[in-house]
Trainee: 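Submitted below is the structure of interest, expressed as structure tokens.
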Amino acid sequence: MSELQESVRVRFAPSPTGNLHIGGARTAIYNWAFARRHGGSFILRIEDTDPERSTPENTAQIMRSLRWLGLEWDEGPEVGGAFGPYLQTERNSTYGEALEQLKQRDAVYPCFCTPEELAVKREQAMSEKAYAGYDRSCRRIPVAQAQARIAAGEPHTWRLKVPLDRGDVAFEDEVYGLTTVPITQLDDLILVRSDGTPTYNFAVCVDDTLMRITHVIRGDDHMSNTPKQILIYEALGTRLPSFAHLSMILGSDGKRLSKRHGATSVEAYQNEGYFPEALVNYLALLGWSLDGETTIISAETLCASFSLDRVSKNPAIFDEAKLAWMNQAYLKAMGAEAFVEALEPFLVDCGFMRGKGPTVNLGGAYTLGALADPAAIKADIAENKAWYEAIHGLIAERAKTMTDVIPMIAYLFGGDTVELDPVSMEKCLFIDGASGIFDSVILALEEVCDWKGAKIENALRQVPEKLGIKAKPVFQAVRVAVCGTMVSPPLFESLELIGKDDVLSRLKVSRDILGWRESFS
RNA sequence: GUCCCCAUCGUCUAGCGGUUAGGACACCGCCCUUUCAAGGCGGAGAUCACGGGUUCAAAUCCCGUUGGGGAUGCCA
């Protein structure tokens with residue numbers, strides 16, 4: 001790699017034709033980490049030259065996702081910078097100037113072929129022989145004649161005059177190494193469309209030059225564009241940036257990641273309750289490795305150690321299970337305070353209000369659009385921080401994402417009642433002598449003054465001892481009565497959080513049910 | 001069609017001429033245990049896509065084949 005004689009400047013240049021997807025996020029992460037590693041600048045540029053598919057909403061969403069991931073850009077939309085504007089649609093005059101320059105250098109020529117004509121030519125050439133691009137017919141039009149046609153208002157594009165005597169185009173890719181493309185494969189590509197707007201390849205070269213980009217780190221799909229762009233740089237007479245291409249991220253079937261693979265956008269993972277740190281960690285290691293051993297890596301370490309020569313050339317299959325595992329690793333490692341902060345939006349969305357139960361409960365699914373007042377929920381969290389923080393210890397070893405947490409903790413919010421799961425009742429509640437056991441349990445718990453997990457456990461352990469039965473069925477019955485199901489977070493801590501009065505109420509409900517049941521048999 | 005690129009356990013990867021081919025996820029078993037997890041320990045899993053070379057020695061270097069991906073747009 002050549003010496004970095006000037007400060008590193010890299011860019012992430014998404015086109016806002018959709019939201020930020022997994023592949024784009026990884027490209028952004030590598031650019032960002034590379035900039036941080038070299039004390040350079042990370043620039044965001046929006047490539048919105050396609051008016052058909054670009055929307056301001058997508059631009060906003062992409063920026064939201066980047067910020068959520070913690071990838072702050074040093075220059076770009078909303079933060080400014082000395083080389084703006086950073087939206088290509090706002091840079092039209094710049095491309096116009098660049099085109100003028102190329103005209104003066106005799107590096108371009110007008111092409112009057114219509115899209116229809118070109119399509120016919122292409123199809124014909126493809127079927128007959130090896131098609132290698134535009135046949136350059138308009139290049140042979142005499143200058144005076146071309147000028148006259150332009151003056152007459154005939155629609156035309158501007159094409160690059162690829163030097164016929166130039167040898168093959170070669171470049172040293174920072175991850176793929178030397179790549180050479182025969183010049184015969186490169187045609188006179190269109191730089192400026194008939195409507196005066198620049199094409200992707202042209203805009204990229206002009207912008208990367210003007211924005212002083214030193215390293216172009218981008219998706220693999222641009223590998224074949226690179227030789228074309230090198231030709232444009234040469235026509236412009238500007239220095240080439242370094243290039244580094246990143247292999248693609250594939251779905252579980254080895255095919256290009258798409259909707260049918262499930263969540264592909266960063267936003268979707270955010271909504272599913274993944275942590276940005278975990279996503280960044282996972283994505284960073286999907287195609288790059290520190291040493292082959294490290295699986296959990298902080299953003300700081302990533303920024304201190306990222307290098308292009310350890311980027312993998314192989315396309316990688318996106319493994320949801322590993323991401324989920326990693327997310328849990330972050331969940332376990334994060335402090336209770338940070339956990340509550342992350343949990344709050346999910347509680348608000350689901351309408352979980354202490355004592356009032358989950359507001360929206362559709363057959364076990366807690367969905368967005370709750371009825372509870374968000375302000376009230378937030379206030380309750382603020383006033384009872386310790387209570388909410390205790391949840392972390394209950395679920396960290398059991399949940400992978402925040403959306404896992406929600407159904408897991410619903411029972412904590414029911415106040416004096418809980419929804420009882422029929423299967424769990426059948427298996428663990430309706431056991432021999434259950435109502436007697438419950439009488440003892442209630443009696444024992446009523447006597448607990450200091451309502452803490454350890455005290456509750458002591459009291460509860462005495463029940464099976466006195467009755468001369470095993471502890472397990474007793475605990476399981478209590479679990480069902482208080483938590484609603486036979487599978488739940490730790491029992492004693494749960495009882496502590498639910499509170500003595502509510503626990504006793506729930507136990508009495510079950511005791512009554514057992515009483516009625518026994519009276520019928 | 002033509003051009004470019006890629007190829008190590010199911011998955012992500014380490015490896016850069018000499019290793020019992022290492023780690024992580026997933027999987028299986030045991031331990032722990034009031035449930036579920038988590039954790040600990042152990043296991044299975046890769047003839048390094050295939051075929052030729054080069055070399056005393058090849059997963060590592062070279063050539064070919066096969067398979068996959070990308071480009072070949074007035075999309076990016």
Side-chain angles (χ1 to χ4, degrees), chain A residues 13-17 47-50 52-54 111 113-115 118-119 122 125-133 155-159 173 176-177 179-182 184-187 189-195 197-201 203-204 219-228 245 247-248 250 252 254-256 282 285-296 310 312-326 328 332 395-400 408 424 428 457 460-461 464 470-480 483 485-492:
Chain A
S15 72
T17 55
E47 312 221 318
D48 53 352
T49 51
D50 181 2
E52 300 287 312
R53 302 191 297 151
S54 303
C111 173
C113 299
T114 64
L118 293 170
R122 194 158 39 233
M126 202 91 88
S127 60
E128 289 170 5
K129 56 176 179 1
Y131 177 67
H156 61 284
T157 60
W158 286 93
R159 286 185 183 270
D173 191 278
Y176 285 97
T179 301
T180 310
V181 177
T184 51
Q185 289 297 314
L186 274 359
D187 73 342
L189 70 162
I190 292 173
L191 265 28
V192 176
R193 301 181 188 115
S194 52
D195 66 357
T197 58
T199 57
Y200 163 75
N201 281 305
V204 163
D220 207 349
D221 45 336
H222 291 299
M223 183 99 100
S224 315
N225 282 324
T226 306
K228 302 177 199 173
H245 289 95
S247 65
M248 195 154 277
L250 308 173
S252 48
K255 294 273 195 296
R256 197 178 182 138
Y282 177 71
L285 259 24
L286 194 66
W288 177 82
S289 66
L290 179 62
D291 52 16
E293 306 282 304
T294 307
T295 51
I296 299 295
R310 289 193 67 82
S312 168
K313 295 177 191 155
N314 314 3
I317 290 173
F318 188 79
D319 183 2
E320 286 244 22
K322 190 158 186 175
L323 204 214
W325 168 83
M326 201 170 273
Q328 183 174 37
K332 286 192 289 186
I395 55 78
E397 285 168 1
R398 282 159 255 274
K400 295 195 187 298
M408 238 172 237
S424 297
C428 302
E457 179 171 359
L460 228 36
R461 281 198 188 281
K470 291 200 166 198
K472 184 170 170 172
V474 175
F475 292 161
Q476 281 300 83
V478 172
R479 186 189 303 282
V480 172
C483 304
T485 57
M486 58 190 183
V487 174
S488 84
L491 185 58
F492 311 120

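Just the heavy atoms: all of them, side chains too, but no hydrogens, waters or symmetry mates, feed the values below. So that the names make sense, note that chain A is the first sequence line, chain B the second, and so on, each numbered from 1.
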Trainee: If the condition is side-chain contact (heavy atoms from CB on, under 4.5 Å), which residues does A:Ala125 pass it with, not counting sequence neighbours?
Mentor: A:Lys129, A:Tyr131
Trainee: Answer yes or no: side-chain N or O of A:Thr179 and base N or O of B:C4 forming a donor-acceptor pair under 3.5 Å.
Mentor: no
Trainee: Is it true that the side chains of A:Ser488 and A:Arg479 contain a donor and an acceptor less than 3.5 Å apart?
Mentor: yes
Trainee: For A:Tyr282, which contact category applies under a 4.0 Å heavy-atom criterion: base, sugar-phosphate, or nothing?
Mentor: nothing
Trainee: Which part of the nucleic acid, if any, lies within reach of A:Ser15 when heavy atoms closer than 4.0 Å are counted: base, sugar-phosphate only, or nothing?
Mentor: sugar-phosphate
Trainee: Give A:Cys111 one of three labels, base, sugar-phosphate or nothing, depending on what nucleic acid heavy atoms sit under 4.0 Å from its own.
Mentor: nothing
Trainee: So, under a plain 3.5 Å distance rule, would you say the side chain of A:Asn225 forms a donor-acceptor pair with the base of B:A76?
Mentor: yes
Trainee: Taking B:G18 as the reference, what is the distance to B:A59 when you measure between their C1' atoms (whole Å, please)?
Mentor: 13 Å
Trainee: Using a heavy-atom cut-off of 4.0 Å across all strands, would you classify A:His245 as base, sugar-phosphate, or nothing?
Mentor: nothing
Trainee: For A:Asp291, which contact category applies under a 4.0 Å heavy-atom criterion: base, sugar-phosphate, or nothing?
Mentor: sugar-phosphate
Trainee: Verify the distance criterion only: is there a donor paired with an acceptor across the side chains of A:His245 and A:Thr179 at less than 3.5 Å?
Mentor: no
Trainee: Answer with base, sugar-phosphate or nothing: what part of the nucleic acid does A:Pro473 contact at a heavy-atom distance below 4.0 Å?
Mentor: nothing
Trainee: Heavy atoms under 4.0 Å, any strand shown: does A:Lys332 hit a base, just sugar-phosphate, or nothing?
Mentor: sugar-phosphate
Trainee: With a 3.5 Å cut-off and no angle check, do the side chains of A:Thr199 and A:Asn201 form a donor-acceptor pair?
Mentor: no
Trainee: Just the rounded figure in Å: distance from P of B:U35 to NZ of A:Lys470.
Mentor: 12 Å
Trainee: So what does A:Thr180 touch, heavy atoms closer than 4.0 Å: a base, only the sugar-phosphate, or nothing?
Mentor: sugar-phosphate
Trainee: When we call it a touch if two heavy atoms are under 4.0 Å apart, what does A:Thr294 touch: a base, just sugar-phosphate, or nothing?
Mentor: nothing
